[in-house]
Structures are given as structure tokens and as C-alpha cells.
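Just so it is clear: chains get the letters A, B, ... in the order the sequence lines come, proteins before strands, and each one is counted from 1. Because the structure is a prediction, the values reported are computed rather than measured.
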Amino acid sequence: MKQPLEDLLRSTLKHLAGELFPKTALPSTPLLERSRDPAHGDFASHVALTLARPAGKNPRVLAAALIAALPKSELIAKVEIAGPGFINFFLSASAYHAELQRILQAGAAYGRNQLGEGRSAGVEFVSANPTGPLHVGHGRNAALGDCLGRLLQAAGWKVTREFYYNDTGVQIHNLAISVQARARGLAPGSKGWPEEGYRGDYIAEVARAYLAGESVSVEGHTVHGAKNPDDLDAIRTFAVAWLRREQDLDLQAFDVHFDVYFLESSLYTGGQVEATVCELVARGHTYEQDGALWLRTTEFGDDKDRVMRKSDGSYTYFVPDVAYHLSKWQRGYRKAITVLGSDHHGSLARVHAGLQALACGIPAGYPDYLLYQMVTVMRGGQEVKISKRAGDYVTLRELIDEVGRDATRYFLVARKGDSQLTFDIDLARSRSNENPVYYIQYAHARIASVFRQLAEKGLRWDARNGASHLARLSEKHEHALMVSLSRFPELVETAARNLEPHLIAQYLRELANDFHTYYDAHTFIVEDAALRDARLMLVAATRQVLQNGLALLGVSAPESM
RNA sequence: GCGCCUGUAGCUCAGUAGGAUAGAGCACCGGCCUUCUAAGCCGGCGGUCGCAGGUUCGACUCCUGCCAGGCGCGCCA
């Protein structure tokens, strides 16, 4: 709804450019914004204020000239100049009526846009190493990444969800020797227990299954427990598969699914790590010092140079990181997003620098990062310390079991990533009625109930009749609701562009509020068929947008509660 | 010491690429169920947008400097 008006305004301005104001002064930023105060109309433009200085004219004079040049449009009922030179647009009722019809015609597609133009986007998230169950922080990552994927799909991107993990290396070695110790009957802390071992009870479970010769199927292959506690390779393979499967079960319970599992080890076996280093050396961005090979990342905005190959000949983790992100580009992702805990933000500059040093056409900001701050968990009024090795931490599974999938997802995406999140389990559990997700779902359930009631009364909704009597929707609550509905596509666009899923959560709460207010103020199932059908049209459109919005969050839209 | 992030109502947080009188929820006080689900609605209370400068017609928003908190600064991953 905003776009046609924006286009109209911009083309009018282009027409006036050079005559009323210098051509170069035309801003590329949006010219329109939603008015906060209904007294200011539906949309407001401050373009006259912006142009006043370069034009050397009074903004109100500019505004008047702009309005005079504006072509007639069915969308616009009235245009006013206000204050120092704001232009306020009052949309016609028919503009909103047309939008209602658009919502019902588009259905699940309402709100989508073509920002991505069908290009390929890779969203990498969770990417937890298979050394233990997923915890709350992974939950935030999973919720953000999955919603982002949904948002980008809605914005016309072809999205691939990718999970990157390491199946070798130090942490995995610790995992293997921990399972081995358990298999030999050792308990954490006892004599012979490895210093860096993982102490959680789940390790004992892995050891038990290994000794019992159980089999594990994950990512399309099956691993059998070799039973032999001395075979560390077999233990490692089994443990990795076991924990990967556990994670997959958690993620499935969270309704999060991946298209690609990418193993860090494949970058070594496939030669990409070696190739990346050779390329960087060939580009002349490296030097040797103290027996190590360094990359001059400072030439590309990093604050210090980085070691790529240690003096013992092995690579630092930073090299596969670069090779991995290079592979994203090579695999066709024109947009790549890495969802990452902000405690790892130090690696951003390095990866960006490494990719730029390769000078292979990757744009400067590639990949995008969606960083999120730590989640602190409160239980019994106390913070639950997260210590993976001690095995004492809140798992994602526990949260889902206690709070429910919908509420957990909603909570974890409802806040901006860059603010810290306190997840109070007791509150979420014992006072779940106050949870905003129920408020939104309740609006949807109420609508479903309205249509059930209608059927029970032997009535049916005549959509065509409703469509021809939309002029009957003249109450202020109806107008407010129509305004909110029409904002949805703008929200999807902004949220996708800025990688901000929380905007959708925020919006849905407001939309639900508009609906509940309307519901309490007016009865929908009235005698007057014209009014009834028109109101049900608005209600049906609300249901559709609630569904579409909840779908973006991966939260269900229940028919009853 | 350096870098990134944060600081908005008693608490938890929004504030959509600088716009008009800063908004929700919770908490607290007071109203609303013989009528489509009260998991709801309405009203009230509550603010020096961390502090100080600067840019601008206009700053919660941009810049600088301070203060406070979180995270990160290894030939660890």
C-alpha cells in the first residue's frame, strides 16, 4: 500500500527536479513514513523539509508546489501541509478496501516481496560442535536463523539452511576421551579422568550405547558402536554421530530443519584449506615470521595480522573459516548470513579480511553476520550458570518441554539480537498466560471461533456480499485494524532487509491488540447481512495476516485455545 | 589499554534508513462478562531517552568525549 504512494511521490519529484530544486538534492531514502498520530493522516512525507535548504526555498512553499503537481490518485482522499512543511496524506477508504481484497486473494502470499529476485541466499546457523546437547544460546541461534530463513524466503530469496560443524579437532578429541573414560567405568573427577573431559551424564549414555553396540543413524548414514573401549577412532565416530542425532532431535522438536550439513574436516580433505592458503600467498598478502605464516589482515581492516599456519605446520581455525565462507560464494550464495553469538564477534573482521585478500569478486560486506548477545537463564530466582563441562546447563530440550515450542521460539526472537536476553523459566512456565505469544494466538483462535459460531447459527459468510459493502466498515476500530493489516508487507520488507525478525514479533502483538480491541467493541455476527459480511471480511483478512506473521516466526496458529 | 555491543517508565523491552505530543507488556490503582472464548477490553499511575558537548529547521536516532555493564582481544576453537 505504501509503495504505490511512494512511487507516485518520487515520480512527481523527479518531474520537478531541476526546476524547483537541484536534481542532486533528491534523496534516495524513503520519502514516506507511516504517521504516528492519526490526525496526521496515514502517511507523512518530510521531503519538503529536506529539500528546503538545497532549494533555498521555504518548505511550506515547496510542499504546496509538490502537492499541486501531484497527479490525481484513487488512493488519496486528502493531502495537507502541516507544521513546518510536513505533507500529510489521508488515504481513501477504498484504498483500504482494496487492500482487504488483496489480502484475501493473496492468502499465504500476502506480505511477500521480490527483494531477493530469486537469488540464492545461504543462512548458516546453530553450527554447534557435536560435543553436547544444545543449550539455550543455541536455541536463540536456531530461532533467529530459522526465522531469518523464513523472512528471506518471503522476501524473494532462494534460501538454503546450512549447519557447519567440526568433527575432528581438539574439542572432539576431548569428547572421545571422555566417552572412552566412561566406557572404562571412570566417573568425572576420579583417578584417570581426563582433565579437559566433558562431565555431563550424557557422556555416560553415549558410552553405554557404544559398549552395547547400538547403531545411530544421522545425516543419511549409520554408525555402529564397536564395543571396544580401546578403539578411540571408533569411539569418536560413534560419539559424534550420537550427539549429532541428539541435536537433530532437539532441532526437530523446535521445528528447525537444515538443507546442508557442512563438515569442517571436508575443507581439509577436499584441499580447500590448502588452496586458500596458496591463493593468499600468491596474492602477496602473507609473510613468514617466527616460523609461522601470517596474513596481513590489517590491510583489510583487521586490527592485527593473523597467523594462518602455526610453526608446528598446522593451520589456525581462521583458515578453514575463510575457506568455508569462500565456498559459500562459490556455491552461488549471493547473500550469506552467519548467525553467531556475539562472543565470537572477533572473527568477523578476520573472515572479511581473508575474503577480501582473495580478491575473487566477493563484495566487501560478505558475509552478513547476525550477532546475538548471551542468554541468561533464571530459575528459582537465580541465574543458572552455563558450564558445559560440568554438564550443568539448561538444554534447549528442557526449555521446549517446560515452556512449549511456540513460546520458546517467540521469546527467543522477540528481542533484538544485540540486547541480552533473560529467560526466566519459572515465569515462562508458571505464568504462561501472560506470555505474549498466547495473546497473539488467542486472537487467531477467537477468529476461528467466530466462524464456528457463525456456522452453528446456520449462517455463512458471503464474501462477495461483504466485498460490495466494505463501506460499512466505518468504525474507528475498523480503520485502525485495516491500517495495521496494510502495514504487514512493509514490516516483512524491513525485517528482511535489516535481518531483524523481532520486528515481526512486535508487529503481531500490535495487530492482535487491534483485533482484541475491535472484538470487544463490536459484534461481528449481526442481523444485518451486509454489515456482517463486511466485518467478517475484515476478520478473515486479520486471520490471514496473523497466520502469515506467525508462520514467519515458526509459531503455530491454533484454531482454539 | 584496544575493539564490538548495550544503557529509554519500578521491572522486561519496542521505537521500522533524523521528523510533529517518546510507546507496549508486567507490576500497582479503578472499571467491564444474560450477547462471537475475560488467555480479553477500557481508564489511571509512571520518563531529564546514562551524562556533557556538537551537527541540524528538527536528535532516543548521527558525531566527539566521559560514566556504567556485557563480550572479545593466543602460533586456543
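Of the C1' atoms belonging to B:U34 and B:A24, the separation is 34 Å, rounded to the nearest Å. Going from the P atom of B:U16 to that of B:C62 covers 10 Å, rounded to whole Å. Comparing the P positions of B:C76 and B:A17 gives an interatomic distance of 42 Å, to the nearest angstrom. B:U6 sits 32 Å from B:G44 when the C1' atoms are compared, rounded to a whole Å. With C1' as the reference atom, B:A14 and B:C49 are 13 Å apart, rounded to whole Å. Taking atom P on both B:A38 and B:C32, the two are 16 Å apart, rounded to the nearest angstrom. Using C1' as the reference atom, B:G47 and B:U8 are 8 Å apart when rounded to the nearest Å.
Distances were taken from every side-chain heavy atom of A:Lys310 (C-beta onward) to each of B:A20, B:U16, B:A77; the shortest belongs to B:A77. Side-chain proximity of A:Tyr439 to the nucleotides B:C36, B:G40, B:A17 is greatest for B:G40. You'll find that the side chain of A:Thr523 is closest to B:U35, out of B:G70, B:U35, B:C75. Ranking B:G19, B:G15, B:C75 by closeness to the A:Arg36 side chain, first place goes to B:G15. If you check B:C36, B:C41, B:A14 against the side chain of A:Ser419, the one that comes closest is B:A14. Here B:G25 is the nucleotide among B:G25, B:C41, B:C75 with the atom lying nearest to any side-chain atom of A:Arg509. Of the candidates B:G19, B:A14, B:C75, the closest approach to any side-chain atom of A:Lys416 belongs to B:A14. Among the nucleotides B:G40, B:A14, B:U21, the one closest to any side-chain atom of A:Asp37 is B:U21. Distances were taken from every side-chain heavy atom of A:Asn513 (C-beta onward) to each of B:C41, B:U6, B:C75; the shortest belongs to B:C41. Listed nucleotides B:C13, B:G19, B:G72 differ in distance to A:Asp343; the shortest reach to its side chain belongs to B:G72.
Residue A:Arg446 has a polar side-chain atom (N or O) positioned under 4.0 Å from OP1 or OP2 of B:A38. A close approach under 4.0 Å does occur between a side-chain nitrogen or oxygen of A:Thr517 and OP1 or OP2 of B:C42.
Taking the centre and axis of the six-membered ring of A:Phe423, the NZ or CZ atom of A:Arg140 falls outside the cone set by 45° and 6.0 Å.
Heavy atoms of A:His344 sit under 4.0 angstrom from at least one base atom. At the heavy-atom level, A:Asp305 lies nowhere under 4.0 Å from the strands shown. The residue A:Glu33 sits close only to the backbone: its heavy atoms come under 4.0 Å of sugar-phosphate atoms, none of a base. Using a 4.0 Å heavy-atom distance criterion, A:Ala44 is classed as a base contact.
When ring centroids are compared, A:His138 and A:Phe125 stay outside the 6.0 Å threshold. Side-chain rings of A:His285 and A:Phe300 approach one another, their centers coming within less than 6.0 Å. A centroid separation of less than 6.0 Å is found between the aromatic rings of A:Tyr324 and A:Phe262. The aromatic ring centres of A:Tyr165 and A:Tyr261 sit 6.0 Å or more apart.
With RNA chain B read from its 5' end, the first of the two nearest nucleotides for A:Leu503 and A:Val307 is the one closest to A:Leu503.
For the pair A:Leu340 CG and B:C4 C1', the interatomic distance rounds to 12 Å; values are reported in whole Å. Put simply, CD on A:Gln420 is 8 Å from C1' on B:G69, counting in whole angstrom units. The separation between A:Leu421 atom CG and B:A14 atom P is 9 Å, rounded to whole Å. The separation between A:Arg415 atom CZ and B:G70 atom C1' is 17 Å, rounded to whole Å. A straight line from CG of A:Asp302 to P of B:C4 spans 12 Å, rounded to a whole angstrom.
For the residue pair A:Arg350 and A:Tyr317, a side-chain donor N or O sits within less than 3.5 Å of a side-chain acceptor on the partner.
In terms of polar N and O atoms assigned as donor or acceptor, the side chain of A:Asn174 never comes within less than 3.5 Å of the base of B:A77 in a complementary pairing. Interface remark: the A:Tyr317 side chain does form a donor-acceptor pair with the B:A77 base, using a distance-only criterion of under 3.5 Å. With hydrogens and angles ignored, no donor-acceptor pair under 3.5 angstrom links the side chain of A:His46 to the base of B:G58. Contact of A:Ser311 with B:C75 (side chain to base): a donor-acceptor pair of N or O atoms is detected under 3.5 Å.
Pairing partner, B:C49: none, since no Watson-Crick or wobble contact has both distances short of 3.5 Å. Under the Watson-Crick or G-U wobble criterion, with both distances below 3.5 Å, B:G23 is paired with B:C13. Judged by Watson-Crick or G-U wobble contacts below 3.5 Å, the nucleotide B:C41 has B:G31 as its partner. As the counterpart of B:C71, B:G3 is assigned, both hydrogen-bonding distances of the Watson-Crick or G-U wobble pattern falling under 3.5 Å. Across all strands shown, B:C62 forms a Watson-Crick or G-U wobble pair, both distances under 3.5 Å, with B:G54.
Residues A:Tyr369 and A:His352 are in side-chain contact: their nearest non-hydrogen atoms beyond the backbone lie under 4.5 Å apart.
Using the six-membered ring where Trp is involved, A:Phe524 and A:Tyr519 have ring planes that are perpendicular, over 60° apart on the 30 and 60° scheme.
Ring-to-base geometry places A:His40 in a stacked arrangement with B:A20 (centre distance under 5.5 Å, plane angle under 30°). Stacking annotation: A:Tyr519 is not stacked on the base of B:G40 (requires ring centroids less than 5.5 angstrom apart and an interplanar angle below 30 degrees).
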